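So the structure is just underneath, and the comments pick up after that.
Because the structure is predicted, anything quoted here is derived from the model rather than measured. All chains are named by letter (A, B, ...) in the order of the sequence lines, taking the proteins before the strands, and each is independently numbered beginning at 1.
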Amino acid sequence: AQKVTQAQTEISVVEKEDVTLDCVYETRDTTYYLFWYKQPPSGELVFLIRRNSFDEQNEISGRYSWNFQKSTSSFNFTITASQVVDSAVYFCALSENTGTASKLTFGTGTRLQVTL
Amino acid sequence: KAGVTQTPRYLIKTRGQQVTLSCSPISGHRSVSWYQQTPGQGLQFLFEYFSETQRNKGNFPGRFSGRQFSNSRSEMNVSTLELGDSALYLCASSLPTDSGNTIYFGEGSWLTVV
């Protein structure tokens, strides 16, 4: 069975600090997909990134960067120079390669609070 | 490009009633899935539809059902509502490809059962 663990329940930082959100996953599949979503108070889950299990290249997009390590089953997310607008709940999710099916297993989320 | 649209956004129902939620996927997307989000259970998969067929189902009682129409729009229904059904219901759509899916979510429908 798949499992996603986000051990950090809540993180508080001061604006401009860097912050890393941890994600550890479990799956028996050799091919799978990992996602990060951001959920502001409005409720919508905003897609941030998808990473395939066979692509371990780390990625940087603006202030966001992701570190994928299959050896430790981790897919961590870093926000550089955090801003108040980054305050939200962040979810890591896992999808097995079940053909073209779309079913995500989510972690419990990390609430990020960025203050001035 | 319009995103995933869910209606209604907010609703209040009485225990024992039934409710229908609607979802319009991103244009061209043929897969629609539904999730329930509660403070206690987090985000849980309900079911997925593709080409009007249910392809996956989560571990929910039969009171939860859904369907998909030929234009890919989807509805989910919850009958005999219970207080514990109060939740944010999220719809997601994707364009399934052999290289995997990127799954986009709507803003959700906030259901309160009183």
State the [atom1]-[atom2] distance between [X] and [Y], to the nearest 0.5 angstrom.
{"X": "B:Trp110", "Y": "B:Leu21", "atom1": "CH2", "atom2": "CG", "value": "13.5 Å"}
{"X": "B:Arg73", "Y": "B:Cys91", "atom1": "CZ", "atom2": "SG", "value": "10.5 Å"}
{"X": "A:Lys70", "Y": "A:Arg51", "atom1": "NZ", "atom2": "CZ", "value": "12.5 Å"}

Next on the checklist: Tell me whether B:Arg55 forms a cation-pi arrangement with B:Phe50, defined as NZ or CZ under 6.0 Å from the six-membered ring centre and within 45 degrees of its axis.
Outcome noted: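 Output yes; distance and angle both within limits.
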Next on the checklist: Checking the side chain of A:Asn52 only, and the main-chain atoms of A:Phe54 only, is there a donor and an acceptor separated by less than 3.5 Å?
Outcome noted: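 Side chain of A:Asn52 to backbone of A:Phe54, a donor-acceptor pair under 3.5 Å: no, none is there.
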Next on the checklist: Taking B:Tyr89's backbone N and O only, do any of them form a donor-acceptor pair with B:Gln36's side chain (distance below 3.5 Å, no angle check)?
Outcome noted: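 No; judged by distance alone, with no hydrogens or angles, the pair does not exist.
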Checklist entry - If contact means a heavy atom pair closer than 4.5 Å, which residues of residues 42-49 of chain A contact chain B? => result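 Result: A:Ser42, A:Gly43, A:Glu44, A:Leu45, A:Phe47.
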Item to check | Proximal to chain B - members of residues 104-114 of chain A, heavy-atom separation under 4.5 Å | outcome: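 The list, in residue order, reads A:Leu104, A:Phe106.
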Between [X] and [Y], what is the shortest heavy-atom contact and its length?
{"X": "B:Ile26", "Y": "B:Ser93", "value": "N-OG, 3.3 Å"}
{"X": "A:Ser74", "Y": "A:Tyr25", "value": "N-CE2, 3.6 Å"}
{"X": "A:Ser95", "Y": "A:Phe35", "value": "CB-CE1, 3.8 Å"}

With a 3.5 Å cut-off and sequence neighbours excluded, list the donor-acceptor pairs that the side chains of residues 7-18 of chain B form with protein atoms.
residue	atom	partner	partner atom	Å
B:Arg9	NH1	B:Glu107	O	2.9
B:Arg9	NH1	B:Gly108	O	3.0
B:Gln17	OE1	B:Thr14	N	2.8

Side chain, backbone, both or neither: which part of [X] has a heavy atom under 4.5 Å from chain A?
{"X": "B:Leu88", "value": "side chain"}
{"X": "B:Gln37", "value": "side chain"}
{"X": "B:Tyr35", "value": "side chain"}

Next on the checklist: Would you say the rings of A:Tyr64 and A:Phe77 are close, in the sense that their centroids are separated by under 6.0 Å?
Outcome noted: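 So the answer is yes for these two rings.
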If we ignore angles and hydrogens, is there a donor and acceptor under 3.5 Å between the side chains of [X] and [Y]?
{"X": "B:Thr53", "Y": "B:Ser51", "value": "no"}
{"X": "A:Ser53", "Y": "A:Thr31", "value": "no"}
{"X": "A:Thr20", "Y": "A:Asn76", "value": "no"}

Item to check | Inter-chain contacts: residues 60-69 of chain B against chain A, heavy atoms under 4.5 Å | outcome: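 No residue falls under the 4.5 Å cut-off.
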